[in-house]
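Reviewing the structure listed below.
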There are 2 protein chains.
Amino acid sequence: MTSVDEPAQTNGRLRDAARTQAEILDVATQEFARAGYDGARVDEIAARTRTTKRMIYYYFGGKEQLFTAVLERAYGVIREAEQQLDVEHLDPVAAIRRLAELTFDHHEQHPDFIRLVSIENIHGAEHIAASAKLGRIGSPALEVIRRILAAGQESGLFTADVDAVDLHALISSFCFFRVANRHTFGVLFGRDLVDPAQRAHYRTMLGDMVIAYLTAERAAD
Amino acid sequence: MTSVDEPAQTNGRLRDAARTQAEILDVATQEFARAGYDGARVDEIAARTRTTKRMIYYYFGGKEQLFTAVLERAYGVIREAEQQLDVEHLDPVAAIRRLAELTFDHHEQHPDFIRLVSIENIHGAEHIAASAKLGRIGSPALEVIRRILAAGQESGLFTADVDAVDLHALISSFCFFRVANRHTFGVLFGRDLVDPAQRAHYRTMLGDMVIAYLTAERAAD
DNA sequence: TAGCTAATGTACGAACTAGTACGTTAGCTA
DNA sequence: TAGCTAACGTACTAGTTCGTACATTAGCTA
């Protein structure tokens with residue numbers, strides 16, 4: 001982290017539109033994730049930036065658009081990470097397990113993103129619905145799942161008729177819940193789902209669950 | 001619904017502390033679930049009640065305590081419903097499937113509760129942590145799971161060493177995710193997880209997943 | 001039925017908060 | 001290097017929002 005006291009010089013320039021915007025987005029991401037949309041304070045975001053509130057309105061237009069920009073960038077980061085997925089050289093069972101593990105790691109490493117998604121759902125997903133960048137964007141992981149499932153079904157390892165979107169939802173559910181509901185679950189059940197000592201346990205549990213589901217004998221519909 | 005125009009007479013009395021408090025809690029539950037803690041407006045809650053804002057402060061003390069009271073009542077309703085669980089007359093496999101299905105139904109039927117839990121997690125579960133009624137309260141469903149698991153493991157139907165709290169988390173994950181993230185998931189993947197036409201499909205999927213996990217051959221740790 | 005208190009209503013204030021009007025300057029370009 | 005404009009800062013406002021001081025009364029009880 002760079003000190004905030006010294007003049008705004010990171011690139012040797014005092015004025016740098018790109019840097020200012022990025023810095024606003026960084027701080028806004030933290031603030032929205034911390035307090036929710038309505039709990040977040042524009043003044044607080046500005047104060048924790050090397051620029052002023054004026055610039056937030058200059059570059060983003062308002063609180064609502066700033067939140068949308070934060071979501072767009074957050075989803076962009078996730079997309080990029082998912083595009084690095086490299087599991088298709090493995091056999092289908094190992095590939096799915098690996099993909100589930102990477103999804104697990106990924107959720108754990110981005111709690112702010114999880115919080116933003118929770119917050120956006122409280123608001124009916126109105127921001128991403130209105131965003132040109134985010135409407136029906138899908139997920140790169142989904143394509144990977146689709147291909148692995150096809151291979152697994154082809155080879156007879158997986159029982160037929162498991163849909164890629166459904167499997168994605170199933171894997172995401174556990175990863176998301178563990179991080180998103182960590183606090184209430186911890187208070188109610190006295191167990192921290194994100195306890196590092198339990199990490200390997202839950203990671204294995206997720207993989208076991210997914211593989212068991214995909215490879216179980218299933219009665220015909 | 002009773003009309004709000006007529007004088008506040010539901011029990012033949014104009015003044016009824018219990019009724020006034022219950023009405024405030026009803027409306028507050030809706031308002032907090034709708035807009036989140038910070039998005040909720042005390043004036044709005046008062047306006048949609050047959051009483052005034054003064055009464056909210058008279059009975060609950062403030063917005064924060066009102067939210068805590070809303071959570072306490074919401075968790076109470078859930079507890080009561082879970083105490084009605086009657087699945088232990090079934091064999092372990094059928095019992096767990098039935099329990100998963102009831103959990104599924106239950107989440108679907110209480111979207112406001114799901115939203116309140118999401119909101120409380122955004123705020124680090126500080127309200128339920130401070131509540132005398134809710135600290136480490138657990139869940140009646142957990143005891144049921146514990147007993148079914150024991151029976152299933154005893155009879156050899158279930159592979160050993162699945163913890164009740166973990167299984168509860170696994171089942172809840174999917175049920176919770178489906179309702180809580182309905183909006184963002186719908187926009188991103190073009191699929192409504194709470195679409196009534198898909199209900200039976202997802203309900204079965206959850207049961208299949210849980211049973212597959214519990215009955216799969218598992219390598220020793 | 002007199003009197004008391006829990007229950008209720010009205011009106012207001014202090015603090016906060018998103019957003020803006022207006023003025024200034026860094027640094028590129030001709 | 002003169003001038004122009006994107007980038008930036010200051011100071012303020014209008015509206016909102018939680019909370020409360022003060023006044024009133026329903027309805028129980030002695």
Side-chain angles (χ1 to χ4, degrees), chain A residues 2 4-28 30-32 34-70 119 123 126-127, chain B residues 2 4-28 30-32 34-70 119 123 126-127:
Chain A
T2 55
V4 174
D5 299 305
E6 64 203 37
Q9 292 197 26
T10 302
N11 307 337
R13 300 181 53 190
L14 269 70
R15 297 183 169 193
D16 185 329
R19 190 200 54 215
T20 300
Q21 290 176 47
E23 199 175 328
I24 291 171
L25 279 177
D26 284 341
V27 176
Q30 291 170 33
E31 174 70 0
F32 281 121
R34 181 187 68 79
Y37 177 77
D38 291 288
R41 298 287 163 246
V42 176
D43 282 298
E44 178 64 22
I45 294 169
R48 283 162 51 198
T49 299
R50 280 175 300 186
T51 185
T52 64
K53 183 164 57 158
R54 176 74 183 76
M55 287 297 99
I56 293 174
Y57 288 89
Y58 183 67
Y59 284 120
F60 296 96
K63 187 180 182 181
E64 201 105 13
Q65 293 104 303
L66 176 60
F67 185 60
T68 301
V70 164
I119 291 160
H123 296 279
E126 56 176 273
H127 304 94
Chain B
T2 54
V4 176
D5 299 304
E6 64 203 37
Q9 292 197 29
T10 303
N11 307 337
R13 300 181 52 188
L14 269 71
R15 298 184 168 192
D16 185 330
R19 191 201 51 215
T20 299
Q21 290 175 48
E23 199 175 328
I24 290 171
L25 279 177
D26 284 340
V27 176
Q30 291 169 32
E31 173 70 1
F32 281 122
R34 180 187 70 79
Y37 177 77
D38 291 289
R41 296 288 163 245
V42 176
D43 283 296
E44 178 64 21
I45 294 169
R48 283 161 50 197
T49 299
R50 280 176 299 187
T51 185
T52 63
K53 184 166 56 160
R54 176 72 183 76
M55 289 296 98
I56 293 174
Y57 288 89
Y58 183 68
Y59 285 121
F60 297 96
K63 186 180 182 181
E64 201 106 13
Q65 294 104 302
L66 176 60
F67 184 61
T68 300
V70 163
I119 291 160
H123 297 279
E126 56 177 276
H127 304 94

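Just so it is clear: chains get the letters A, B, ... in the order the sequence lines come, proteins before strands, and each one is counted from 1. Basis for what follows: all heavy atoms, side chains included, without hydrogens, waters or symmetry-related copies.
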| Which heavy atom of A/Ala28 sits nearest a heavy atom of A/Val70, and at what distance? | CB-CG2, 3.7 Å

| field | Qualifying salt bridge (charged side-chain N to carboxylate O under 4.0 Å, His left out) pairs with a residue from residues 34-46 of chain B, counting only residues at least two apart or across chains | value | B/Glu31-B/Arg34, B/Asp43-B/Lys53, B/Glu44-B/Arg48

| remark: Taken to the nearest 0.5 Å, the spacing of B/Thr51 OG1 from B/Asp16 CG works out to 11.5 Å

| field | A/Met55 side chain reached by A/Arg50 side chain, heavy atoms, under 4.5 Å | value | no

| If you look at every heavy atom in B/Thr49 and B/Ile45, which pair is closest and at what distance? | OG1-O, 2.9 Å

| message | From CG of B/Asp43 over to P of C/dA11, roughly how many Å is that when rounded to an integer? | response | 15 Å

| query | For A/Phe32 and A/Ile119, which heavy atoms make the closest approach, and how far apart are they? | reply | O-CD1, 3.2 Å

| note | Rounding to 0.5 Å, atoms OG1 (B/Thr20) and CG (B/Leu25) come to a distance of 11.0 Å

| query | Quick one: B/Glu31 CD to D/dT17 P, roughly how many Å, whole number? | reply | 10 Å

| So which nucleotide does D/dC4 pair with, by the Watson-Crick or G-U wobble rule with both distances under 3.5 Å? | C/dG27

| Nucleotide D/dG9, atom P - distance to CZ of A/Arg15 in whole Å | 8 Å

| field | Sorted by number, the residues of residues 51-67 of chain B with heavy-atom contact under 4.0 Å to DNA chain D | value | B/Lys53, B/Arg54, B/Tyr57, B/Gly62, B/Lys63

| field | Value in whole Å for how far the P atom of D/dT17 lies from CZ of B/Phe32 | value | 14 Å

Please list, one pair per line, the donor and acceptor atoms closer than 3.5 Å that link side chains of residues 57-68 of chain A to other protein atoms, with sequence neighbours excluded.
residue: A/Lys63; atom: NZ; partner: A/Tyr37; partner atom: O; Å: 2.9
residue: A/Lys63; atom: NZ; partner: A/Ala40; partner atom: O; Å: 2.9
residue: A/Glu64; atom: OE1; partner: A/Tyr37; partner atom: OH; Å: 3.1
residue: A/Glu64; atom: OE2; partner: A/His127; partner atom: NE2; Å: 3.1
residue: A/Thr68; atom: OG1; partner: A/Glu64; partner atom: O; Å: 3.2

| message | Expressed as a whole number of angstroms, how long is the span from B/Asp16:CG to C/dA6:C1'? | response | 12 Å

| query | Taking DNA chain C as the partner, which of residues 34-41 of chain A come within under 4.0 angstrom of it by heavy atom? | reply | A/Ala40, A/Arg41

